Amino acid sequence: MQSPMKNLLLSLLLAFSAAEAASGEEPSGEYVELHACEVYTGGCTASAQATLGGRSVLRVWNFQSGKQENVELAGLTVVALEIAEENLAMPGIKAAESVAYLPDNATPEQRDGLLSWLASQGVTTRESRILPVAYHREGARIFVNAGPDLRLSTRALEACDAGGCGEQLWYEPRGTTGGFTVLVNDHSQVIEPLLKLTWKDHSAKSVFFGRFGLKMHRGFHLAGIL
């Protein structure tokens with residue numbers, strides 16, 4: 001017969017193991033956030049764009065491991081497009097409308113899990129589309145596609161991207177990440193009839209890249225990929 005102390009120790013070990021297993025199921029992966037304003041720039045540009053720009057944001061989660069509501073999400077990518085009447089790069093600004101792009105290779109249960117994940121990240125989707133969604137990264141080169149009308153490609157910041165207006169970081173990601181960096185929007189196109197939005201841009205320092213679901217110190221790193 002086991003002693004009460006042994007029973008207590010066994011219960012604590014089982015509880016620790018259960019908590020450890022649960023934490024291992026937390027979704028984790030790579031996160032990309034494209035803004036309609038530059039997030040790393042000089043003060044003159046930031047001031048000009050602060051009130052007139054930034055009213056659209058594209059958010060991308062590429063899941064490398066983990067579950068949401070006990071549904072496996074590893075290998076999937078979900079994209080959310082949000083718009084507002086104010087600059088969505090500013091802290092505390094809420095989106096007025098949004099659309100989710102769900103991968104066509106996901107099961108119905110996985111799509112429900114992805115919508116649940118978006119809700120947990122503060123994205124309330126008005127509509128959702130089921131489309132081929134692709135994510136690929138080679139260093140600072142990231143390629144995102146969702147159907148024929150949504151494309152994004154990035155590259156690293158280079159010396160020629162610097163202006164002459166005292167460039168610095170003006171915003172932080174809307175999404176929760178560990179460390180993050182800024183990439184250049186090499187080219188992007190978003191055409192969304194549901195939101196009456198046509199948004200095209202290029203060569204702007206308007207992309208955040210980071211990782212989510214990892215216990216990393218949050219902070220900004222200008223150079224390199226995390």
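Keep in mind that this is a model prediction, so the values were computed, not measured.
- In terms of modelled atom types and a separation under 3.5 Å, the side chain of Q110 and the main chain of E72 share a donor-acceptor contact.
- Using modelled atom types, one side-chain atom of R141 and one backbone atom of T154 make a donor-acceptor pair closer than 3.5 Å.
- Side-chain contact between L34 and W199: present, with at least one pair of heavy atoms (C-beta onward) separated by less than 4.5 Å.
- Here the closest non-hydrogen pair linking L81 and V190 is CD2-CG1, 3.6 Å.
- When hydrophobic clusters are built by joining Ile, Leu, Val, Met, Phe, Trp and Tyr residues whose side-chain heavy atoms come closer than 4.5 Å, directly or via intermediates, L152 is grouped together with F209.
- Interatomic distance, CD of E69 versus CD of E25, reported as 13.0 Å (0.5 Å rounding).
- Under the 4.5 Å side-chain criterion, counting only non-hydrogen atoms from C-beta, F208 is not in contact with T177.
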For this session: Show your reasoning for whether side chain to side chain contact (heavy atoms under 4.5 Å, CB included) applies to W170 and C37.
Result: CA-CA 10 Å; W170 291 90; C37 65; over 6 Å; no
_Audit row: V133, L102, side chain to side chain contact (heavy atoms under 4.5 Å, CB included) steps and yes/no_ = CA-CA 7 Å; V133 178; L102 306 174; over 6 Å; no
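- For the atom pair CD1 (I191) and CG (L197), the distance works out to 9.5 Å, reported to the nearest 0.5 Å.
- Side-chain contact between R111 and S128 is absent, with no heavy atoms from C-beta onward closer than 4.5 Å.
- Of the charged side-chain nitrogens involved, at least one lies within less than 4.0 Å of a carboxylate oxygen, so that E82 and R59 count as a salt-bridged pair.
- Aromatic pair F180/F220: ring centres closer than 6.0 Å.
- Without hydrogens or angle criteria, R55 side chain to A36 main chain gives no donor-acceptor distance under 3.5 Å.
- The side chain to side chain contact (heavy atoms under 4.5 Å, CB included) check on E97 picks up I83, R126, L195, with sequence neighbours excluded.
- V57 and Y40 fall within the same hydrophobic cluster, where Ile, Leu, Val, Met, Phe, Trp and Tyr residues are linked whenever their side-chain heavy atoms come under 4.5 Å apart, directly or through other members.
- Taking every heavy atom of both residues into account, A100 and T125 meet most closely at CB-CG2, 3.5 Å.
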Side chain to side chain donor-acceptor pair (under 3.5 Å) evaluation trace for E138 with H136
CA-CA 7 Å; E138 298 175 7; H136 178 69; 2.8 Å; yes
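- Side chains of V71 and D112 form no contact here, defined as non-hydrogen atoms less than 4.5 Å apart.
- Taking CZ of R129 as the start and CG of D149 as the end, the distance is 8.0 Å to the nearest 0.5 Å.
- Put simply, the side chain of N185 never gets that close to the backbone of V207: no donor and acceptor are under 3.5 Å apart.
- When hydrophobic clusters are built by joining Ile, Leu, Val, Met, Phe, Trp and Tyr residues whose side-chain heavy atoms come closer than 4.5 Å, directly or via intermediates, V144 is not grouped with I130.
- By the 4.5 Å heavy-atom criterion applied to side chains, Q121 and W61 are counted as neighbours.
- Inter-residue side-chain proximity for S188 and L58 is flagged as unmet; no heavy-atom pair is nearer than 4.5 Å.
- No more than 12 heavy atoms of other residues, nucleotides or ligands sit less than 6.0 Å from atom NE2 of H202.
- Contact record, A84 with A95: CB-CA, 4.2 Å, taken as the closest heavy-atom pair.
- Of the residues I142, V32, T77, the one that meets the side chain to side chain contact (heavy atoms under 4.5 Å, CB included) test with N62 is T77.
- If you chain together hydrophobic residues whose side chains sit under 4.5 Å apart, L76 and L115 fall into the same group.
- Interatomic distance, R151 CZ to H187 NE2, rounded to the nearest 0.5 Å: 5.0 Å.
- Scanning all heavy atoms of the two residues, the minimum distance from P173 to Y31 falls at CB-CE2, 4.4 Å.
- For the 3.5 Å distance criterion, the side chains of T45 and E38 fail to qualify, holding no donor opposite an acceptor.
- Put simply, F63 and Y135 are part of two different groups of oily side chains (I, L, V, M, F, W, Y) that touch within less than 4.5 Å, one to the next.
- Pairing each heavy atom of A156 with each of V184, the nearest pair is O-CG2, 4.0 Å.
- Atom CG of L183 and atom OG of S153 lie 11.0 Å apart (nearest 0.5 Å).
- Atoms CZ and CD, on R211 and Q64 in that order, are 6.5 Å from each other to the nearest 0.5 Å.
- Put simply, the residue from L194, V123, L150 that forms a side chain to side chain contact (heavy atoms under 4.5 Å, CB included) with V99 is L194.
- Residues S56 and L88 fail the side-chain proximity criterion, which asks for heavy atoms closer than 4.5 Å.
- Nearest approach of L131 to A146, heavy atoms of both residues: CD1-O, 3.9 Å.
- With T181 contributing its side chain and H221 its backbone, the two residues share a donor-acceptor pair below 3.5 Å.
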